[in-house]
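In what follows, chains carry the letters A, B, and so on, assigned in the order in which the sequence lines appear, proteins first and then strands, with residues in each chain numbered from 1.
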Number of protein chains: 2
Amino acid sequence: MTLPAHVTVKEVGPRDGLQNDASFVETEDKVAWIEQMIDAGAAYIECTSFVHPKWVPALKDHQELMQMFKRRPGVTYAALVPNMKGLEGALRSGVDEVSVFMSASETHNQKNINKTIAETHPVLEEVIREAKAAGCSVRAYISTAFACPYEGTMAPETVLKAVDPLLEAGINELSIGDTIGAAAPLEVDTALKQWVQHVPKEQIAMHFHDTRGTALANVYAALQQGVTTFDAAGAGLGGCPYAPGAGGNLATEDLLYFLHRQGIETGMDEAAYLEAAEFILPRTTNAAPGKVLLASRGEKEAKL
Amino acid sequence: MTLPAHVTVKEVGPRDGLQNDASFVETEDKVAWIEQMIDAGAAYIECTSFVHPKWVPALKDHQELMQMFKRRPGVTYAALVPNMKGLEGALRSGVDEVSVFMSASETHNQKNINKTIAETHPVLEEVIREAKAAGCSVRAYISTAFACPYEGTMAPETVLKAVDPLLEAGINELSIGDTIGAAAPLEVDTALKQWVQHVPKEQIAMHFHDTRGTALANVYAALQQGVTTFDAAGAGLGGCPYAPGAGGNLATEDLLYFLHRQGIETGMDEAAYLEAAEFILPRTTNAAPGKVLLASRGEKEAKL
């Protein structure tokens, strides 16, 4: 069994973890948290989303937030954008990378962004083209890649149909998401074997949710297929919009423990990351932190 | 990737899940829960522990409990026994199988059962011999097989040193436990490759704890090595004595979801198991149920 020696962890907590949070986290707290994660070694942070505040009020401070960082060399500051208007805001704030998003599932895509997949492609293609012309790299999220809350299990080919036009438009990276945390590793294995024939595995990031406890098993299956980039959210923030109270994003601390325990380097410091998680958690409504955090709290209690 | 077509799930919740619970679950509730799990397809139940009530007061009703079942054909009713006195009680109550236990780690073994490993072997050997002479099958638990809270990471050879005398004494099955939920799948893969050279894989059960979210990833690694028997605890009962508040035993519901999602048969019904979990949870102090249970509650809430 040979696993990659190094993995790139992309921190999406400030966007994906906070976007649905019922409390508005103060901008200076968001910045402080992001700075703590960068201090702990995070080299990629998806900081916010340039979506209209009407849709994502928790991230309405995107413009202000992006201006509060002292940018550090070697760190990629990214933001999600839904359309050209979002891109303009993101470019004004000087992001390094923008993320676009759509679903593999037709129904989920329509419910989430109010467009068919066919209507979505040209919008995203324009954003990708303009972002690249402005010197930004572009990542594309494909959500509901394994299962859709409306359509059920998705076939791997369905994902490729959504992805192909984005690849042609020049995206730098594809982040393939198990949005409702339903996938198990055998299907990750099967799907990746098909996907890597269309997309170089160096361009693939996997984005797992831990709603049913399968996220790290899925990471393991992807590592076995040579994938070396994974998304995760500090403190496991985010929950699951389709199952309130359940876990959502894989916690970055859980991913770090898992990788480091197997000798895989990330350049990130798990203990410092746990401290950052303890900083942000009480500022959110999240009730399902990662398991390593709970274990770390319990170990401290046991020593008292 | 070929995984086994069928897996045997051994339900250990009534013993391993309840033994450390701070509340005493009434005997009739224990029986009702066990009956619900059998109705849901569980064919192996570790019902209780014949340990002195001073050490495990939560299971002090072992004798009474075992007499309350109407035994069903095809179901194995098992109990944990620490020594000859425990075995006598278990045999009087007509168990089908007894489990003995020890640790791979010398320090953990001494702290847990107040004997060195060398002192433990003859005690267990006598129990194994006598149990088999009485017509019981015998399972042996080896705890701290990957990591010990006192000694840290364990080498796979250390486990074999503990196990060899038990194999010679004629145990039918070996349940290898990641007692503190620290292992990651690469070490499961490495260790199993070594262990299956000494123990036929048909005799190996893996017993994972989900303290750090790695349990299902470890199950996946073991499935890849052809292991087909896994322990789990209904409702994820048990917690971790070394990290209060953290998760302990892998929840049976999480394991069932995981296996069924990959087309692996268990003969067990996940929905009925979730109902059994909802029955027992409020009767315990457990605050960390399995993830599938939380997802199922959330999905119901989302539909209201």
Side-chain angles (χ1 to χ4, degrees), chain A residues 1-3 146-147 149 153 180-187 189-190 193 210-221 223-224 236 239-247 250-251 253-255 257-264 287-288 290-302, chain B residues 1-3 146-147 149 153 180-187 189-190 193 210-221 223-224 236 239-247 250-251 253-255 257-264 287-288 290-302:
Chain A
M1 184 67 58
T2 309
L3 301 182
F146 297 92
T153 299
I180 59 169
L186 185 62
E187 60 202 289
D189 182 79
T190 303
K193 281 177 179 149
D210 204 28
T211 315
R212 287 162 188 84
T214 62
L216 291 177
N218 293 336
V219 170
Y220 186 63
L223 288 169
Q224 290 181 310
C240 179
Y242 303 98
L250 171 59
E253 304 81 49
D254 290 6
L255 179 59
Y257 175 85
F258 183 79
L259 295 170
H260 295 167
R261 177 89 192 175
Q262 296 177 102
I264 298 168
K291 291 213 153 198
V292 168
L293 186 82
L294 295 176
S296 127
R297 283 181 186 168
E299 281 179 338
K300 278 180 198 151
E301 192 186 320
Chain B
M1 187 66 59
T2 309
L3 301 182
F146 297 93
T153 299
I180 60 170
L186 185 61
E187 62 202 289
D189 182 80
T190 304
K193 281 178 180 147
D210 204 27
T211 316
R212 288 162 187 84
T214 62
L216 291 177
N218 293 337
V219 170
Y220 186 63
L223 289 169
Q224 290 181 311
C240 179
Y242 303 98
L250 171 59
E253 305 82 49
D254 290 6
L255 179 59
Y257 175 85
F258 183 78
L259 295 171
H260 296 168
R261 177 90 194 173
Q262 297 176 101
I264 298 169
K291 291 211 154 198
V292 168
L293 184 83
L294 295 176
S296 129
R297 285 181 186 166
E299 281 178 339
K300 278 179 199 152
E301 192 186 320

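For a residue to count as touching a neighbouring chain, one of its non-hydrogen atoms must lie under 4.5 Å from one of that chain's; by this rule A/Y220 touches chain B with the side chain only. Both the backbone and the side chain of B/F258 come within contact range of chain A, with heavy atoms under 4.5 Å apart. Neither the backbone nor the side chain of B/E253 has a heavy atom closer than 4.5 Å to any heavy atom of chain A.
Taking the side-chain contact (heavy atoms from CB on, under 4.5 Å) definition, one finds that B/P244 meets it with A/E301, A/A302, sequence neighbours left out. Applying the side-chain contact (heavy atoms from CB on, under 4.5 Å) test to A/N218 and every residue at least two apart in sequence or in another chain returns A/D178, A/A183, A/P185, A/V188, A/F208, A/T214.
Of the listed residues A/L186, A/T190, A/L294, A/T153, the one with more heavy-atom pairs under 4.5 angstrom with chain B than any other is A/L186. Ranked by heavy-atom pairs shorter than 4.5 Å toward chain A, the options B/P149, B/A246, B/A243 are led by B/A243.
A salt bridge links A/D210 and B/K291; the closest N-O separation between the charged side-chain nitrogens and carboxylate oxygens is under 4.0 Å.
A/F146 approaches B/R261 most closely through the heavy-atom pair O-NH2, 3.7 Å. Taking every heavy atom of both residues into account, A/L216 and B/G213 meet most closely at CD1-O, 3.3 Å.
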